[in-house]
Amino acid sequence: MRAAPGYLARVTAPIVAIDGPAGAGKSTVARQLARRLGFTIIDTGAIYRSVALAAQRAGVSWDDDPGLARLLDAGLGLTFRGERVLLRGEDVTEAIRTPEISRGASVVSARPVVRQKLLQLQRDLGRAAPRGAVLEGRDIGTVVFPDADVKFFLTASDEARAQRRHAELAEKGLSVPLPEVLADQRRRDKDDTERAIAPLRAAADAVVVDTTGFDLEQVVERCFREASQRLKHLISGQP
Ligand code: DC
C-alpha cells in the first residue's frame, strides 16, 4: 500500500487506475471521475497512439523494434494539455484517432520495447499530477501502478460494447455495420488479452464493474463513491 496512515504525510498524490477492454466506457468514466475528484486524467492509449503517429511521420515501421527504440530514446515530445494531446507542440488529439493510427497503436503496443520504454513516462506523468491522477489503459493496475490506491476494471458484454462503439461512429457520421464493429472488436480483444506482455486482465484487487445496461453517468457515480471512500480512508488513516 502506498499510503502512510496517521501523522505520516503521503509522499505522492493518489493514483486511480481504470482498465478494461475497448468500449466498456473507460474514457468517459475516467474523464468524468477525474473531473469530479479534481485529479489529472492520463489517457495512456493516447500515448501508444502518439507513438504510432510519430513513427509513421518518421518513416519507422510499427514493428521495427530498433527504429521504435531510437524514436523513443530521442524523446517523443508528448504533452497533455487538459484533454488535448500535443506532439512536439502540435495538437494531434484528432490525428491519433483515425482507424489507421488505431491499427498502428495496436501494433506498437504489442512490442515489448515500446511497453518497456513507456513505463517510466506513464509513471512520471502519474506522479507529477499535483492533486492525484486517474490513469486509463489496459495494464495500469497490473503493471504501471500495481500499488495504485484505487483500481477499477470496467467490462461489458461484447454486444453492449460493440453497440456503444457503433453509436460513437454514427455520431461521427460513419456508418459501419454492427456485425463488422463486433468482429473488429473481437479481434482487438483477442490481441489485447493474448499478447505475451502486459495482457489485458483485471488486477486481483481491482473493483470489477460490469457496465452492461447501465448509463455511464450511473457508472461514474458508483466509481466516484467508491474512490472517495477509499481515498478518504487512505489519507486520513481511519479504519
Ligand atoms: O484505449 P485506446 O483504444 O486508445 O488504446 C490504443 C491502443 O493501445 C490499443 O490497441 C490498446 C493499447 N493500449 C495498451 O496496450 N495499453 C494501455 N495501457 C493503453 C492502450
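Nothing fancy with the numbering, it's 1 onward along the sequence. Atoms within a ligand are numbered from 1 in the order they appear, just like the ligands themselves.
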* Consider only side-chain heavy atoms of I, L, V, M, F, W and Y, link residues closer than 4.5 Å, and tell whether Leu200 and Ile140 are in one cluster. => no
Do the side chains of [X] and [Y] get close enough for a salt bridge, i.e. N-O under 4.0 angstrom?
{"X": "Lys151", "Y": "Glu226", "result": "no"}
{"X": "Glu100", "Y": "Arg49", "result": "no"}
{"X": "Arg164", "Y": "Glu168", "result": "no"}
{"X": "Asp139", "Y": "Arg115", "result": "yes"}

* **Over-ring placement of Arg131 relative to Phe39, 6.0 Å and 45° cut-offs** => no
Considering only the protein, which heavy-atom contact is closest to [atom], and what is its distance?
{"atom": "atom 1 (O) of ligand 1", "result": "Arg138 NH1, 2.9 Å"}
{"atom": "atom 20 (C) of ligand 1", "result": "Gly45 CA, 3.6 Å"}
{"atom": "atom 10 (O) of ligand 1", "result": "Ser106 CA, 3.4 Å"}
{"atom": "atom 7 (C) of ligand 1", "result": "Ala105 CB, 3.8 Å"}
{"atom": "atom 8 (O) of ligand 1", "result": "Tyr48 CB, 3.7 Å"}

* Numbering as shown, the atoms of ligand 1 that approach Gly137 to under 4.0 Å (heavy-atom distance) -> 18 (N), 19 (C)
* **Sub-4.0 Å atoms of ligand 1 with respect to non-hydrogen atoms of Arg49** => 2 (P), 3 (O), 4 (O), 6 (C)
* Nearest neighbour of atom 19 (C) of ligand 1 from the list Asp192, Ile101, Val114, Thr44, on a heavy-atom basis -> Thr44
* Would you say Val150 and Pro14 make side-chain contact, with heavy atoms under 4.5 Å? -> no
* **ligand 1 versus Arg195: contacting region, heavy-atom distance under 4.0 Å** => side chain
* **Arg115 and ligand 1 - part of the residue with a heavy-atom distance under 4.0 Å** => side chain
